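Comments concern the structure below.
We name chains A, B, ... by the order of the sequence lines, and we start the count at 1 in each one. Just so you know, these numbers come straight off a predicted model, no measurement behind them. Note: hydrogens, waters and symmetry copies are ignored here, and every other heavy atom, side chains too, is used.
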2 protein chains.
Amino acid sequence: MDVTKLSQGCMLGLPCLPEDGGMYGKAPQVAGVRVQLEMHSLWQQFDQLGTEMIVTKAGRRMFPTFQVRISGMDPASEYVLLMDFIPVDDKRYRYAFHSSSWLVAGRGDTAAPGRVHFHPDSPARGAQWMKQTVSFDRLKLTNNLLDDNGHMILNSMHRYQPRLHVVLVDQRRDSQRYAHRNFCTFSFPETRFIAVTAYQNHRITQLKIASNPFAKGFRTTNPDEW
Amino acid sequence: MDVTKLSQGCMLGLPCLPEDGGMYGKAPQVAGVRVQLEMHSLWQQFDQLGTEMIVTKAGRRMFPTFQVRISGMDPASEYVLLMDFIPVDDKRYRYAFHSSSWLVAGRGDTAAPGRVHFHPDSPARGAQWMKQTVSFDRLKLTNNLLDDNGHMILNSMHRYQPRLHVVLVDQRRDSQRYAHRNFCTFSFPETRFIAVTAYQNHRITQLKIASNPFAKGFRTTNPDEW
DNA sequence: GATTTCCCACCTAGGTGGAAAGGT
DNA sequence: ACCTTTCCACCTAGGTGGGAAATC
């Protein structure tokens, strides 16, 4: 399955991914949810070069930060927002400096423990989520399989696709039976990346420095263009 | 009315202030709420010297920060927590440096616009409020009557008593009619202070420096004693 | 003279990539 | 070789009191 094809629909507000079972059985409170990726052009710039995200033992933020604008929720209903990261494929990669490109280096390592990151404002009402940009800036990536800080565990030199799950809080007694109706998943192909312990592509490093205020150096281009 | 006498009951978990109408008509979800002031001995040290809090045009944090531990809420009910500041008296004060004491300098100025500060986690369930210390560290004090940042407006050289209000979120249609039953107010006399634009009592300055990590200088005494 | 405003050096707190060292 | 770890100088971001200057 080509992950690249999956998310355009969601980004534009069309039905959820096929893996969710389609929209037809969805609860009305999630069926209409629309999610728009913020900093879209910055993500695209990175994606064109091949985004790399640093993973450290202590945990490292993502840059760009995964931020979305949400609409179409029921303002009065409660939702939980969470993220996870799925392997794009079962491959291990390595970077060929001479050709400045990523090569397949073999089969993927055994998958890291699958964790999810709840947005710290969860649960909150639709009105709350929709009134301003939702930012996952507290999320951190680690390569420590024994991590005890609740960070997202990834394998270095593997490729990942971030996903956002919007889950309706269902107070009914037998809500378990309807669980599959109560959530919707969104993924944006321009946010995929390869996890690394040190940057491989120098152009990625330079774009990080140029666009992340915390990195050394000064902006040389107009941030409005991103 | 002597404000000093009012709050001991609340601090120890006894009934709310008389001004609230007593506990007898209170909803069960608020009747049992208990609030304990954190950093109690630090507050006492300041109070013994005569606490001063800086007010600035841009807004200044309180130090010590108003922090409480809460118990006795209904874990499943939703509550809003908010603070306000009431004038202790209708007086204006000035500091006599030669005698190192505060003197009454006349009648109080016209009261500043009465604002409230909602704890940013509001609304949240009782379980959430009770599971860890609730800190009002985002609250800022200003002397700008035209403040547009939602800060608490106070008159400099006037004396104030911080108050905490615990409000049950009542979803019933005619909840207005029962509003007086749905909240409880707590005030701690050791948290009163005089608002100033510059510190008057040098011993207050020294204690701020010694106990606030953001102030210059190093701790010389053991923080455990506070 | 008393009080307020403004700017600043100095902190805390924590997010960066780089370089050197370590590991396999 | 290739990858990871550790430490660190250098940032952002913002909370302090001090002192000069302004205000009243």
Residue [X], side-chain heavy atoms: nucleotide from [options] that is nearest:
X	options	result
F214(B)	dT4(D), dG17(C), dT12(C)	dT12(C)
N143(B)	dG17(D), dT5(C), dG17(C)	dT5(C)
K208(A)	dT4(C), dT16(D), dG17(C)	dG17(C)
M157(B)	dT4(D), dG15(D), dT4(C)	dT4(C)
K57(A)	dT6(D), dT5(C), dT4(D)	dT6(D)

Contact nearer the 5' end of DNA chain D, comparing R60(A) with R92(A):
R92(A)
Integer-rounded Å distance: [N] [atom2] and [X] [atom1]:
X	N	atom1	atom2	result
H202(A)	dG17(C)	NE2	C1'	12 Å
M53(A)	dT4(D)	CE	P	17 Å
Q200(B)	dT3(C)	CD	P	6 Å
D109(A)	dC2(D)	CG	P	17 Å
K140(A)	dG15(C)	NZ	P	4 Å
N201(B)	dG17(D)	CG	P	13 Å
F63(B)	dG17(D)	CZ	P	9 Å
I209(B)	dG17(D)	CD1	C1'	6 Å

Is the shortest heavy-atom distance from the side chain of I153(B) to the side chain of F85(B) under 4.5 Å?
no
Check whether any side-chain heavy atom of H151(B) sits under 4.5 Å from a side-chain heavy atom of L141(B), and report yes or no.
no
Looking at every strand, decide which applies to [X] at a 4.0 Å heavy-atom threshold: base, sugar-phosphate, or nothing.
X	answer
R94(B)	sugar-phosphate
T205(A)	sugar-phosphate
S156(B)	sugar-phosphate

Is it true that, when you exclude F118(A) itself, more than 12 heavy atoms of the residues, nucleotides or ligands shown sit nearer than 6.0 Å to its CZ?
no
Correct closest heavy-atom pair for N155(A) and A195(A) would be O-CB, 3.6 Å
Centre of F46(A)'s six-membered ring, under 6.0 Å away, within 45 degrees of the axis: is that where NZ or CZ of K208(A) sits?
yes
